Each structure stands twice: as C-alpha cells, then as structure tokens.
Amino acid sequence: MSALLSMIDPVLAANLLDGFGNVLTPENLLLAAAGVTLGTLVGVLPGIGPALTIALLLPLTFNFSDPTGAFILFAGIYAGGMYGGSTTSILLNTPGESSSVATAIEGHQMARRGRARAALATAAIGSFVAGTIGIVLLTFVAQPVASLAVKFRPEDYFMLALIAFASVTTLVARSMTRGLISLFLGILIGCVGIDQLTGQPRLTAGVDQLGNGVDIVIVAVGLFAVGEALHMAAKLKKGTDDDEIIDPDGDTVVEDDDLPERRFLGMRRKRNRWLSREDARRSWKPWLRGAAIGFPFGALPAGGAEVPTFLSYATEKKLTKHPEEFGKGAIEGVAGPEAANNASFSGTLVPLLTLGIPTSATAAIMLAAFQVFNLQPGPELFDEQSDLVWTLIASLYVGNVLLLLLNLPMIRVWVKVLEVPRPLLYAGILAFATLGVYSLSGSTTEVLVMYVIGVAGFFMRRYDFPVAPVILGVILGPVMEVQGRRALVGAEGDLSVFFSRPLTIGLLTVAIVALVLPYLPAIVARLRGRKDGRKLVFGDED
Amino acid sequence: MSNTTLRWAIGGLLAVLCLVAVAMPGGESGGDDGPYPGRRISIMAPADPGGGWDTTARALQSTIREEFAENGGADVYNVGGAGGTLGLSQLVSKADGDPYQLMVMGLVMLGAIETNRSPVSVDDVTPIATLTTDAEVLAVPAASPLKDVDDLVAALKRDPGAVRFGGGSAGGTDQLLVGELAKTVGVEPARTTYIAHSGGGEAVTAILSGSVDVGVSGISDFQSQIEAGKMRVLAVSAPTSTKIDGKALPTLKESGVDLELTNWRGIVAPPGITAEQRAKVTAFVQRVVASKTWEENLGRFDWTPFVRTGPQLDAFVDTEQRRVKTVVSDLGLGE
C-alpha cells in the first residue's frame, strides 16, 4: 500500500503511515476494538445511540493523557453504532437508529423468509466495502477541503447552514410543512441560552440553568432515547406481532405465496452460507452505488444518514432486475442503504474535521469532545494536530476491519441482546437516559428538560412529524444565527456581505438548487402538460 | 456459551455502564475545626472542560494529589456556562459556609457578572487568592497592512467601526482589552467592532480567513500560528514583554499606549465562612502554590505566577471590579 500511496502524494502517504503507526499500538488497538464493540451494542439496542454513549464516556476520557485514544474510541463507537442498527432492523424490524429504517424494509422481509444470514452478510460486507471507500475518499478529500476552508468567512458558514436547512426540509419530510415545523422547533430550542455575541439571556424563563442553553446531548437523548422508548412502549400495548426476533440460524421460514417454491427450496438448502454467489453478484453494484450516494450526502450538511439511505433504497428499487422482490426481501434493498449508511459516516467527518461543522447529533457530540481537549476542529486542525487527525483516519480503516471480523461471528451475542424482554429494555433505556443526563449535568433541571423533549418526541412520532430536522435545527440554528450576525457586525450592518464574494454566491446557489431540485419532476411534468407530477420524497420513519 | 451465561454477561455489561453513568462528584461534611484540609476538597471549575479555569482547577488537583494527598486530595467538577456566573450562583446557594467547596474564577467572571447582569457577584463569595496571569496579545494576519500599534491606533481614530476585532466571548477579557484600548487612545469604546467567538481557537480561524482584522486572545491560543509565521503580534498587554521564538514582543506601554491588562485567575471559597477558616484555606493555598508540582504546572501551561492574598487581594478584586464595570458600560454591554 505504501508504494501505491507514494505514487499519489508523498506527504499524504507519510501522514497516513504515521497514523497507522500510532494506531497499531496495543493500547490504541484495544481502544478501537472496545469502541466498535460498544458501538455495535448500543447500535443494536433500539433507543440508545452513539450520541448518548459518547456523551456518557466523555467525562471518563479527561483522564486520558493523550486525546488521540479518546477519538479512536469515539470513532469506533460511531462506526459500530452505524453498523449495529442493521442487525436490529433485519432481525427485529425495529431500527436501532433512524439511519437503519431503510434497511428494515427489505432486511426484515429477507429474515422472515429464512434469509437472515444473507441479509446480515450483505449488510456487513456492504458496510465494510462502502465504509472503506468512504474512508479512502475522506483521506484524499480532507486536506484539500481544509485548505479551501481557510477562506471560509462567517457569511459562508451562514450559507452552509442555509444549504443544510434547504435540503433537509425538502428531502426528509413527506410534507414540507411538517418538516419545517420540526426544524423550527429545533431552532427554537437552539435559541435558548445566553446570546454569544451580546451576553444577554434569551428564552431562559428566568431559570439559571438554561443560561447555558439546552445541551445537544439532552435534546438527542430526549428525542431519540426517551421519545423512542415511549413510542415503542405505546405500540407494545397494542400487541403487534412484528416484535418476533428471528434467529439467523433457525429454521424460521415464513410461508410465502408469491415467490416460486423452487427458488425457496434452493435457498433453504444454502441457508447456512452467509452469502451465495448469486447474492454477491446482486449486492456489489448496490454497495458501490450506496457508497457513491452516502459519502457526499454525509459530507454535505444535509442531516446525517437518513437522506442517503432512503435515496439509495429508491435508487435500487428503480434499477433492480427483480422488481417483484421489492417489499418481499430484495437483497439490493439491504445492500444499498447499509452501504450508504456507512459511507455517510466518513462523509460526516469531512465538515466536522475541516470546518468544525457537525451534521449529525453524534458529530455534534464529537465536536464537544474536541473542545474538551481544547482542540478546535477547523482548517487549523490539520496543521496543528496533524498527528491526531491522521491517527484518527487510520483508526477508521482499522475499525472497519475489526467490525467485519467482530460482527458476523458474534451475531449470536447480538441476537441475545435483542432477546432482552421489551418492557425491561424500554424501562432500562429510560433509567439509563435519566442517569446519563443527570451524571453529565448534575442537575435535575436538565433531566426535566430531557423528559419534556422526550414527551414532545413521542407525540412527534405518534403524529408523524420527522424527528431528524429537530436535531439539525438545534445544531445548525445557532451556527446560522451567530455566523450571520458575525458577518453583519463585520460588515457594519451592510447586507451586501452575503452577495459580495464568489464563494458566498456559489454556496447560496447550491442552497437554492437544493430547495428546488425535489420539485423538478413536478415542474417538468407540468411543463409537458401532465398534472400528476409528484415531488421526490424519501420517507422518514425514525 | 449458554443462553443464561450470555444473558448474565450482557446484563453485567449494562450494569457496569449504569454505574459509570452514576459516578459523579459528591460532597460530604464533618471535620471542620482541625487543621485544613481535614478532608477531601471539591474544586469547581465554573466552565466546560478544557478552558483556562478547568485547566487551573485540574492543575490544583494534581498538585494537591502529588504533595498534599494525606488529607484526602481534591475533586474537580465542572459547572459550565454564562462566563462562570452559573457556577458562581451555585457556589453561593449550595455551599454556604463550607470551606471545602472552592471555586476557580478570574477576570472573565467579573466581565460576565456585569454583561449578564448576574444577580450574584464576587462580593457574595470569600476570595482566597489570585494564582496566575496570562498575557493578552493583539495579533494580525501576516499580510495585514497594520504593522504596529501606531498603525492600529491611527486606523481606529480614522474610523473606529472599520477595525474588526475578534476574540473570545462577549464581555470577556478580550473584549475588555479592546474597550480599554479604545478609551486610552481617545476613541469611544461603544463604537468599536468586536466579533465574539466561543474561544481563541475559533477566533484563529476567523483571523486567518480575513473576516477579522485584529485578533485578541491569550498568548497560548495564537502561539502556534505566530510561530508558523501566519500571524504577527502587534503588542502584548502584560506589564513586561514576552518572548516567542526568541523574539521579544513589545508591550502596549512600550508602543506608547498606557494600558496594562492581564487575564488573572484565582480561587474563592463560599460565603459564610469564618475569618479563621478563611485564614486556614488561604494558608493552605499558599503552601500549594509554593510547591514544586505547582511550579511545574506553571511551566507546562505557560502561566505567570501572580499570588495575592488577604487585604491585598481584597483591594485588588475591588479595583478590578470597578475597572470592569466601567469598561462594560463604556462598551455598551449589559444594557
């Protein structure tokens, strides 16, 4: 590999090799393994995500003499969490993470037809392939983006936030109104606290503890852990039968009227193989397409892994040669979204490391982790903490390999995790979330705030409001506001600052395109004289 | 592995996670009459982990652990937010009369009290000692047309709003320096343009992107950029000159502006402790800052020692409070 890298860029190769040198110490390898294992565990459990886990581990890492170890651990948790969600989706039809919803559609159907092993295998290998492609792209893209990012001014950051909002509201929600309501709820939560530019408290209702704003961890735990647990518990009462866990080694084969019996028998005989040649042949293209969709969407501030996974699902559904299988367990529908999911994770690290802009809740917590160690992600990070950055990137390669090695052989362990009785699991999640938030803040106010947000999250799920835009609003709302005001303060109030530099205008154009693009099919249809043109949407069921 | 074993293993893992979650700072009482410290000390850093106060608290903790551990050592916990005023009000309301609950604070807190119109002030706690100072620097991008302090003063006088200063939070030491600089050279402080950032690190990015003309921050935030030749120092605000890369940096005074301002940090105890208790705590802190481990910490973090205690400290805090009050109102903050 070193020869290959040297041909491309000697400095990059040297940096990356140094990074590998740092990762391949026993201590760091152990941290990477611990990270991916823990990440997979919390990814498998519905309701507890990597954001909460990293937030809880944050205080422990103060004792690390070197921040590198902490970031290797966190990156492992993030990557593991992305992977773990697929297991739950496939075997239980309960996506552990919002980004695994698309996987559940076909994955669970495959499992019900006795093809759980193939579904898990295509998810695992697809994650590995796409994850590795994503990391390779990150390796080559990060430094150039960082060099470009040096030129970014407040008005440009403002435009980046605008792009994010435009793409999220139009892409994520089935209804733009619902998407906007969610987004504005998030922005409202983000406004709480002492204003950074003037030092005045806003929306704190006289409560001192709110002066610091509502911590992103509290919002994430409230919305995802508490909201999800309440929602699932409410559904549980109705007694749906979908909760059955499918043992990947068992004989559970659901009777099916639609598929030719002979095909089924053929697959049944091959049940103990992870991935048949046919499966692999049908999977590799979706893996690559998933990576191609996932990485750029993760890198753009467009709201994490939900959009690319659904986009990948829609693409595979359109391109498949087996359209009759979609909805009944098409392997392409698992391979594509899972690949997109993992590639988007590497993509998320591009804006996080080079611009200091988090595009998902977990990335926001990782940003907080950087600040704990007095490091400011941004273009300077590549100069000042070159070692740390490249060790982190190298640890992603290692973590990806570890995930592949860990997950398929250990699938029985994860199945056991899922066998925890539902009521205990949800009660456990609530207890865990409460303790976690209390230990972070040491204040009951924050715990109350978390439950208020959790109940709001429950009703949002119940009445079909998308949850992802809330988090994005909380994260990027303040970014947009502060950067917009900084730009104006710097320009002494002259609005033309938003239209004066080519970079700013370019970003503004992207935002407008992001807003209009989903309506293009409708507009084109209208122009051709048809009235039935529909807006492009990607479902959001997190 | 059998089913049961696995369930126990997973249950055990979850239990450990829960224990980790509950491990948090707690206090106990008792033993207040003997020599100080008779039990474990709690030190609050009224900021999120990673900043100057947090580092100061942790440096104190490590010194106590190394050299004075026989009496129980020290805990550090963080109560972040609002320039430290949240931590201040917590100390006042929850630790009244307990000499084992100490809090790190500094000039930034005085600014925040005024800017946020905090209902509690430093008058509500018992000052123990100042500990360190950090020099502030005024720095520009390498390609800036401003060559020295004279250029900066001239530019400010020409059009006060046109010089974009960038530094840490609103009303913090960085902005106080801008306000005092303007006032000293005869420019109305309220007309200066100051762009607040969450910290010196974020300000560096802004300075290098050209969206800020002059960066103001602690010297350590800018040091690596200065050494890399990407930023130039116009002046330091300390009374004596500092060296970076062997080159002496001019002070504001040497550059003809009669102004000194350093970002000092200190430690306070809760209200309601007796004069005797205050004397004991002060004596202990004096022993801590005279120790070898503390000396090493000073070197490690590039802090200038600045120890004042007793009546001298009271007078100092008083002067600084009045000074900050004036600048904050001159800047038009906290209105």
Side-chain angles (χ1 to χ4, degrees), chain A residues 38 41 45 53 56-60 62 149-156 193-201 208-209 211-213 356 368 370-376 378-380 383-384 412-413 416-417 419-420 428 431-432 435-436 438-443 482 485-487 489-490 492, chain B residues 1 3 6-7 9-11 13-14 17-18 20-25 48-51 55 58 76-77 79-83 85-86 89-90 111-112 115-117 161-162 164 166 169-171 193-202 204-206 208-212 224-225 228 230 333-334:
Chain A
L38 191 60
L41 174 70
L45 289 174
T53 314
L56 284 177
L57 288 175
L58 208 45
L60 284 184
F62 295 155
V150 177
K151 299 188 177 68
F152 273 46
R153 294 188 180 181
E155 53 268 29
D156 306 318
I194 285 177
D195 173 34
Q196 210 193 336
L197 291 189
T198 61
Q200 300 310 303
D208 274 353
Q209 280 86 346
N212 211 16
F370 275 101
Q371 284 155 355
V372 164
F373 290 105
N374 214 5
L375 300 167
Q376 178 68 40
E380 311 318 321
D383 285 346
E384 292 178 14
R412 297 215 53 83
V413 179
K416 289 291 173 248
V417 170
E419 278 175 10
V420 177
F432 191 75
L435 286 173
Y438 187 72
S439 75
L440 285 180
S441 59
S443 131
V482 166
R485 283 169 62 199
R486 267 185 203 154
V489 170
E492 292 185 75
Chain B
M1 249 192 289
N3 263 5
L6 260 173
R7 266 182 214 186
I10 289 155
L13 186 56
L14 288 176
L17 283 175
C18 283
V20 166
V22 284
M24 53 159 307
D48 287 330
T55 321
R58 284 171 205 283
V76 168
Y77 65 104
V79 180
T85 53
L86 290 185
S89 67
Q90 186 170 324
T115 313
N116 304 343
R117 292 172 296 174
R164 297 166 298 176
S169 61
T193 300
Y194 181 83
I195 304 175
H197 296 79
S198 64
E202 208 189 16
V204 167
T205 312
L208 295 182
S209 79
S211 62
V212 154
S224 59
Q225 300 300 330
K230 292 185 182 172
L333 292 167

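Residue numbering restarts at 1 for every chain, and letters A, B, ... go by the order of the sequence lines. Only a predicted model underlies this, so the values are computations on that prediction, with no experimental measurement involved.
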_When you compare the side chain of A/Arg153 with that of A/Asp156, does any pair of heavy atoms fall below 4.5 Å?_
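A side-chain contact exists here, since the closest heavy-atom pair is under 4.5 Å.
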
*asked:* Is there a side-chain contact between A/Arg486 and B/His197 in this structure, where contact means two heavy atoms from C-beta onward sitting under 4.5 Å apart?
replied: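 Yes; the side chains approach each other to less than 4.5 Å.
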
Greatest number of heavy atom pairs closer than 4.5 Å to chain A - which of [options]:
options                                : answer
B/Gly210, B/Ala112, B/Gly111           : B/Gly210
B/Leu208, B/Thr193, B/Val212, B/Val204 : B/Leu208
B/Ser211, B/Ala170, B/Ser209           : B/Ser209

*Between B/Thr205 and chain A, which part of the residue has a heavy atom less than 4.5 Å away: side chain, backbone, both or neither?*
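When you check distances to chain A, atoms from both the backbone and side chain of B/Thr205 fall under 4.5 Å.
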
*asked:* With a 4.5 angstrom heavy-atom cut-off, is it the side chain or the backbone of B/Ala162 that approaches chain A, or both, or neither?
replied: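 Backbone plus side chain of B/Ala162, per the 4.5 Å heavy-atom cut-off to chain A.
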
*Determine, for A/Asp383 against B/Lys230, whether the closest basic-nitrogen to carboxylate-oxygen distance falls under 4.0 angstrom.*
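B/Lys230 and A/Asp383: salt-bridged.
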
*Search all heavy atoms of A/Gly490 against all heavy atoms of B/Arg164 and return the closest pair with its distance.*
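Heavy atoms only, the tightest pair is O-CD, 3.1 Å.
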
*How far apart are the C-alpha atoms of A/Arg485 and A/Asp195, what are their side-chain angles, what is the distance that settles it, and do they pass the side chain to side chain contact (heavy atoms under 4.5 Å, CB included) test?*
CA-CA 11 Å; A/Arg485 283 169 62 199; A/Asp195 173 34; 2.8 Å; yes

